[in-house]
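Following: one structure in structure tokens, then a few remarks.
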Protein chains: 2
Amino acid sequence: MNRFLSHATNRVDAKGRVSVPAPFRSVLQERQIQELYGFQDFVFPAISIGGPELMERFERQLGQLDAFSPEAHQMSLLVHGGGVFMKLDPEGRLMVTDFIRAFTGITTEVTFVGRADYFQLWQPRAFQDAQQAARLAHQRRSAPAT
Amino acid sequence: MNRFLSHATNRVDAKGRVSVPAPFRSVLQERQIQELYGFQDFVFPAISIGGPELMERFERQLGQLDAFSPEAHQMSLLVHGGGVFMKLDPEGRLMVTDFIRAFTGITTEVTFVGRADYFQLWQPRAFQDAQQAARLAHQRRSAPAT
DNA sequence: CTCGCTCCCATTGACGCCCATGTGGTCCCA
DNA sequence: TGGGACCACATGGGCGTCAATGGGAGCGAG
């Protein structure tokens, strides 16, 4: 399977590194992704990470907006100003920079969350809460009359 | 019979493995399912497991939403973040990971429940309770005047 | 010269695959 | 119809491999 799926929590070591889960690494390899692009998620307090085509996709989306609209400016601020290139070390770990910590609240542990075409870095507790909220929202939508 | 029917409870061994009931395994074989996709059920504290088309069904739903809407993000959080690929060992067992334990409350025993196109993993007691609740709710609807 | 990042190596623990055992049920045959 | 052999399945354990993690050393920039 060539999609990012499931979630897993790994520990940040004393040097600020964290191992990317092996299943995710093999997806990266299958997709021939060597350059990683990360950015601040639009909706959640999480960093989204994928290949270069991920940024391109958002730029395309950006192009559909009125270039002078507040939305376009905001998105550009997020995609470009909030974006960053990342590299894995030989063991498949990435550095948890202050850029990441500040936006996500990550300290000692990182939850990796698959999102099909890309994956995300979350503060573990924040992910649990967000997922729980999503589940409740889904139930509310499914059974609106209670 | 090519549908998942009935339920059975098996024990989790010291290594965290549990045998998938033989009837379920033969349904998997009949349906040519080799890759198992599981996800955290939206409603019950259970893990639902089926073939890849199970995930595709959800992704089709997802595709109908605006990709940048909060609803789509929440849905993806459930479908992708809450999903996982699973593999059976040569004896037809699967690993009961923390991913599964945390969500279902499963510890030493697993109840497998057939749901026609897929099956579920339950904590035995939780299944009994849920089934009982469903039975009562049904009776109430069938005979509203008591 | 010092700090920080990268690469390299070691350790530990989890997971995969293999084989062994017990038990209940079924079928066959006398 | 009773007994025995056989078989399918659930379960248990050994062992090798790989992933996650931790620490040491080298290199380059400031």
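A, B, ... follow the sequence lines: proteins, then strands. Residue 1 opens every chain. What you see below is based on every heavy atom in this structure, not just the backbone, and it leaves out hydrogens, waters and symmetry mates.
- Counting only residues at least two apart or on different chains, the salt bridge (charged side-chain N to carboxylate O under 4.0 Å, His left out) pairs with a member in residues 118-129 of chain A are A:Arg125-A:Asp129.
- Considering only residues two or more places apart in sequence or on other chains, A:Phe112 meets the ring-ring contact (aromatic ring centres under 6.0 Å, His included) condition with none of them.
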Would you give me the side-chain donor-acceptor pairs under 3.5 Å for residues 68-75 of chain B, sequence neighbours excluded?
| residue | atom | partner | partner atom | Å |
| --- | --- | --- | --- | --- |
| B:Ser69 | OG | B:Asp66 | O | 2.8 |
| B:Ser69 | OG | B:Ala72 | N | 3.1 |
| B:His73 | ND1 | A:Arg115 | NH2 | 3.4 |

Report, one line per pair, each donor and acceptor closer than 3.5 Å where one atom sits in a side chain of residues 85-94 of chain A; sequence neighbours left out.
| residue | atom | partner | partner atom | Å |
| --- | --- | --- | --- | --- |
| A:Asp89 | OD1 | A:Glu91 | N | 2.9 |
| A:Asp89 | OD1 | A:Gly92 | N | 3.0 |
| A:Asp89 | OD1 | A:Arg93 | N | 2.9 |
| A:Asp89 | OD2 | A:Arg93 | NE | 3.3 |

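- Heavy-atom contacts of chain B under 4.0 Å fall on DNA chain C between two terminal nucleotides, which in 5' to 3' order are C:dC15 to C:dC19.
- Listed by first and then second residue, the salt bridge (charged side-chain N to carboxylate O under 4.0 Å, His left out) pairs involving residues 76-85 of chain A amount to none (not counting sequence neighbours).
- Within residues 88-108 of chain B, the residues that place at least one heavy atom under 4.0 Å from DNA chain C are, in residue-number order, B:Pro90, B:Glu91, B:Arg93, B:Met95.
- At the heavy-atom level, A:Arg17 lies under 4.0 Å from base atoms of the strands shown.
- At a non-hydrogen distance threshold of 4.0 Å, A:Val20, A:Pro21, A:Ala22, A:Arg25 from residues 20-30 of chain A come into contact with DNA chain D.
- Every residue meeting the side chain to side chain donor-acceptor pair (under 3.5 Å) condition with B:Asp41, not counting sequence neighbours, appears here in chain and number order: B:Ser48, B:Gln120.
- Sorted by first then second residue, the salt bridge (charged side-chain N to carboxylate O under 4.0 Å, His left out) pairs that include residues 94-112 of chain A, not counting sequence neighbours, number zero.
- Considering only residues two or more places apart in sequence or on other chains, A:Phe99 meets the ring-ring contact (aromatic ring centres under 6.0 Å, His included) condition with none of them.
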Check: residues 1-8 of chain A side-chain donor-acceptor pairs under 3.5 Å, at least two apart:
| residue | atom | partner | partner atom | Å |
| --- | --- | --- | --- | --- |
| A:Arg3 | NH1 | B:Glu59 | OE1 | 2.3 |
| A:Arg3 | NH1 | B:Glu59 | OE2 | 2.9 |
| A:His7 | ND1 | B:Gly81 | O | 2.8 |

